[in-house]
Amino acid sequence: MERTHTCGELRTSNVGEAVVLMGWTAKKRDFGIFTFIDLRDRYGLTQIVVSEETANQAHEKAKNVRGEFVIAVKGTVVARTPETINKKLPTGEIEVQASEILILNDAKVPPFQLEVVGSENLASEDLRLKYRYLDLRRSQLQNNIRMRAKTIAKIREFMEMRDFIEIETPILLKSTPEGARDFIVPSRIHTGKFFALPQSPQILKQLSMIAGFDRYFQIARCFRDEDLRADRQPEFTQLDIEMSFANQEMVFRTLEGVMREVFALIDADFETPFPRMTYADAMRRFGSDKPDLRFKMELADLSEDLRETDFVPFATVLENKGEIKCVVARGKADYSRKQLDELQEFVKRYGAGALAWIKIGDELTSSLLKVLGQEKIEQLAKTANAEKGDAVLIVAGKKSVVAASLGALRVEVAKRENLIAKNLYKPLWVTEFPMFEYNEDTGNYDAMHHPFTSLMDEDVPLFKRAIEDGETELLGKIRARAYDIVINGYEIGSGSIRIHQREIQNLIFKALGLTPEKARERFGFFLEALEYGTPPHGGFAAGIERIVMILQGTDNIRDVVAFPKTASAQDLMMDSPGVVDDAQLKELGIKIVE
RNA sequence: GGAGUCGUAGUUCAGUUGGUUAGAACGCCAGCCUGUCACGUUGGAGGUCGCGGGUUCGAGUCCCGUCGGCUCCGCCA
């Protein structure tokens, strides 16, 4: 018996045809002398009807069929009478009248119900992760994984049309201490030495430019041994791109093209070019380098109004080069004490000391009324652009803390108050990222993007001063030719125009506190390569999972990964990571201590 | 590494101030049922209250520890 059709394709036009369907038993409804079976495969659901009268043997078989049994059904497509049509199913106008049923395989009762109505009755995620292959049978996850496949297919089609060459780079690389923690792999042949899995194929794609491939792309698996988040897994997939003789505009046009193509899969259209915002503006206006532009609610600066204040906490903040900023929650003058306390707890997570507030109800009330006085409060409300009915939420502190807490509060309030429209997609380029980031633990400056990023021409003199005159604090002001794509508050990906001159690369390493010896030890092969005719080049890497999350409207990365890991980086299905035999360890020269 | 939150039947949950035999719905098993599609109906089985310790005459409930899921901070060039 061969399958002739899938469970999603039969329509009234097929009525009268003899068909064979194969799939899983989603539901059975037994009426004594006849039985309905909902047969499911990845294409859909088709109702099978088996009657004692017309197919006695098949009916006997159907009696034994249970949930998730795999069966084959031979029968005839029949039209349903008008009153028995199921409008919820694409196949709802027909059913298959079975003449023969074959049980291809039985199935244990599943540990949780696959066919549930609404997500509130869905089994807990850890149980579903343990039986991931069952959870994946649900149409929601089937759709996510299929959209992921479609996304990647679209990308390949787009890149190949534009002459990009897909190059596979090694998974077994060499560890570099910069950036994220590496996953390392012991070498048997070279006892005591280790490979590292790529955090990204950064250097290899640059070497591909030096090799003359001109336009590279890869659907690249990347690995980072860092703690997980709702949008972060230890292994993930990037669309990795690199272009020779390219400036920032050319990279932007390419990525905008990719994004338009991909979002067309859900009939979303982007206007190109995408809007742009500098990093400095994003931080100032939204307190974030990945602002969600689906709603307004920008941060307002109250520092100038409070410059002369004698309220000690504020005065201290301003003396220490801190800031006092706020967001306005429109129409939320009715926030209760309890709600404001909750929001205060929320901002404290980001290091804020407190959340001050002004409520413009029938009268003006504020947690600062006593210390600042009515007049000052009114002035602050005016600066914040708050009107009657609004609540002003204020944080004072270090610039980084104010940005982080108010940036997050802005999103939190928008979520609570349902300010974010569905099916709205707001892309943004964030540009002019800082080249260096001060590391409070080491007292050094680290590369914010990566050490192969080129500087903005305007900032090169400043950079030379920082290096040659030892004014290292200037490093914090140097801007890089680095950029991110942000969509709906998600960092979709980032890239930069790279350094293609050896001398500049040396200076960057110097700024990062890397001695020439250390630099040679870690990147010697790359530095040497730079000297053999490196074209100017730049590129980008975009997170596939985050794109698919937005396409599918989920906020959980596990929903778009077929076999994901938990927040503690374990696979509950195969129970990895696991122990290995002593013999294996011995062969590798590895001893487990403690 | 830190914080919050959850953990009770196969599943989703309820469980009062610490007090008799821990409940409901779905699922499962058996029977009945001529048009269901969340079928209906009758009956039945099913519990290490995550685990360990403590307080108490008595703990699902209170305390301490621990394990696991999720979310966030740190971390993620």
Side-chain angles (χ1 to χ4, degrees), chain A residues 26-39 45-49 51-53 63 66-68 78 80-89 91-92 95 108-131 134 176-182 199-200 202-203 222-234 236 342 345-352 401 404-405 408 411-412 433-437 439-441 445-453 480 482 491 494 496 508 512 541 543 555-556 558 565-568 570 572:
Chain A
K27 272 260 160 95
K28 186 178 80 167
R29 290 176 294 279
D30 185 349
F31 285 81
I33 65 164
F34 67 92
T35 298
F36 295 110
I37 289 170
D38 287 341
L39 194 64
L45 205 71
T46 298
Q47 176 164 281
I48 311 297
V49 59
S51 151
E52 193 176 59
E53 212 174 313
K63 292 262 175 208
R66 298 278 186 274
E68 301 307 316
V78 297
R80 299 202 201 181
T81 56
E83 66 276 14
T84 62
I85 284 172
N86 185 350
K87 287 187 180 130
K88 289 185 225 160
L89 286 179
T91 61
E95 62 196 1
K108 285 167 71 174
V109 174
F112 60 93
Q113 283 160 253
L114 275 64
E115 305 290 334
V116 292
V117 182
S119 55
E120 60 276 11
N121 292 318
L122 203 54
S124 66
E125 199 179 351
D126 52 333
L127 186 71
R128 288 185 288 121
L129 284 171
K130 183 173 174 190
Y131 297 95
L134 296 180
T176 54
E178 288 76 22
R181 216 172 274 120
D182 285 317
Q199 299 171 23
S200 83
Q202 183 60 39
I203 289 182
C222 304
F223 307 84
R224 294 177 190 174
D225 189 6
E226 297 292 346
D227 286 350
L228 293 82
R229 284 289 184 280
D231 62 353
R232 257 165 44 189
Q233 284 271 304
F236 59 98
E342 276 172 20
E345 286 311 305
F346 180 83
V347 294
K348 279 183 173 175
R349 297 212 293 256
Y350 300 85
V401 167
S405 55
V411 175
E412 176 68 13
F433 270 80
M435 179 69 206
F436 303 102
E437 201 172 21
N439 184 329
E440 290 186 13
D441 295 336
Y445 280 85
D446 296 339
M448 191 159 177
H449 186 55
H450 57 59
F452 315 112
T453 308
E491 182 194 321
S494 57
S496 62
I508 298 284
L512 294 171
D555 53 11
N556 183 341
R558 293 181 299 278
K565 292 179 178 56
T566 65
S568 62
Q570 284 179 293
L572 296 181

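Here the structure is a predicted model, which is why all the values come from computation and not from measurement. Residue numbering restarts at 1 for every chain, and letters A, B, ... go by the order of the sequence lines. Below, all heavy atoms of this structure are taken into account, side chains as well, without hydrogens, waters or symmetry copies.
As rounded to the nearest Å, B/rG46 and B/rG1 have C1' atoms that lie 43 Å from one another. The C1' atoms of B/rA38 and B/rG27 are separated by 13 Å, rounded to the nearest whole Å. Straight-line distance between the C1' atoms of B/rG65 and B/rU21: roughly 32 Å, to the nearest whole Å. Taking atom P in both B/rA24 and B/rG44, the straight-line distance is 12 Å, to the nearest Å.
Atom CD of A/Gln199 and atom CZ of A/Phe223 lie 11.5 Å apart (nearest 0.5 Å). With rounding to the nearest 0.5 angstrom, the CZ atom of A/Arg80 is 5.5 Å from the CG atom of A/Asn86.
Among the atoms of the strands shown, only primed sugar atoms or phosphate atoms (P, OP1, OP2) are found under 4.0 Å from some heavy atom of A/Gln570. At a threshold of 4.0 angstrom between heavy atoms, the contacts of A/Leu89 with the nucleic acid are absent. Within 4.0 Å (heavy atoms only), A/Arg349 reaches sugar-phosphate atoms of the nucleic acid but no base atom. At the heavy-atom level, A/Arg128 lies nowhere under 4.0 Å from the strands shown. Using a 4.0 Å heavy-atom distance criterion, A/Gln113 is classed as a base contact. Residue contacts shown for A/Asp446 are absent, as no nucleic acid heavy atom lies under 4.0 Å away. The residue A/Arg66 sits close only to the backbone: its heavy atoms come under 4.0 Å of sugar-phosphate atoms, none of a base. Here A/Thr566 lies in heavy-atom contact (under 4.0 Å) with sugar-phosphate atoms only. At a threshold of 4.0 angstrom between heavy atoms, the contacts of A/Ser568 are confined to the sugar-phosphate backbone, with no base atom among them. Residue contacts shown for A/Tyr350 are limited to sugar-phosphate atoms, with no base heavy atom under 4.0 Å away. Looking at heavy-atom distances under 4.0 Å, A/Glu95 makes contact with a base.
Between the side chain of A/Thr91 and the backbone N or O of A/Leu45 there is at least one donor-acceptor pair closer than 3.5 Å. The closest donor-acceptor contact from the side chain of A/Glu95 to the backbone of A/Val78 lies at 3.5 Å or more, if one exists at all. Within the 3.5 Å criterion, the main-chain N or O of A/Gly32 finds a donor-acceptor partner in the side chain of A/Lys63.
Each of B/rU12, B/rC75, B/rG35 was ranked by its minimum atom distance to the side chain of A/Phe34; first place goes to B/rG35. Closest to the A/Asp227 side chain, of the nucleotides B/rC70, B/rG1, B/rU11, is B/rG1. Of the listed nucleotides (B/rG35, B/rU12, B/rC75), B/rC75 has the atom at the smallest distance from the side chain of A/Glu226. The nucleotide whose nearest atom lies closest to any side-chain atom of A/Ala567 is, among B/rU11, B/rU71, B/rU36, B/rU71. Taking every side-chain heavy atom of A/Glu53 into account, B/rU34 is the closest of B/rG69, B/rU12, B/rU34.
Side-chain to base pairing of A/Asp30 with B/rC33: one donor and one acceptor N or O lie within less than 3.5 Å of each other. One donor-acceptor pair, N or O on each side, does fall under 3.5 Å between the base of B/rU36 and the side chain of A/Arg80. One cannot find a donor-acceptor pair under 3.5 Å joining the base of B/rC76 and the side-chain atoms of A/Arg224.
Counting to the nearest Å, the P atom of B/rC73 and the CG atom of A/Leu228 are 13 Å from each other. Put simply, CG on A/Asp555 is 8 Å from P on B/rU71, counting in whole angstrom units. One can place CG of A/Asp225 at 11 Å from C1' of B/rC76, the figure rounded to the nearest angstrom. Rounding to whole angstrom units, CZ of residue A/Phe36 and P of B/rG40 are separated by 14 Å. Distance, A/Leu127 CG to B/rA9 P: 11 Å, rounded to whole Å.
Taking the nucleotide of RNA chain B with the nearest heavy atom to each of A/Gly32 and A/Asn86, the more 5' of the two is matched to A/Gly32. For the pair A/Met448 and A/Leu129, both in contact range of RNA chain B, the more 5′-proximal nearest nucleotide belongs to A/Leu129.
Here B/rA25 sits opposite B/rU11 as a Watson-Crick or G-U wobble pair (both hydrogen-bonding atom distances under 3.5 Å). As the counterpart of B/rC49, no nucleotide is assigned, since no Watson-Crick or G-U wobble pattern has both distances under 3.5 Å. Applying the Watson-Crick and G-U wobble criteria (two distances, each under 3.5 Å), B/rC70 pairs with B/rG4.
Judged by ring centres under 5.5 Å apart and planes tilted less than 30 degrees, A/Phe112 fails to stack against the six-membered base ring of B/rU11.
Between A/Arg232 and A/Asp227 there is no salt bridge, since no side-chain N of the basic residue sits under 4.0 Å from a carboxylate O of the acidic one. Electrostatic pairing of A/Arg558 and A/Glu125 counts as a salt bridge here, judged by a charged N lying under 4.0 Å from a carboxylate O.
Residue A/Ala480 comes nearest to A/Thr453 through the heavy atom pair CB-CG2, 3.6 Å, listed as atom of the first residue, atom of the second, then distance.
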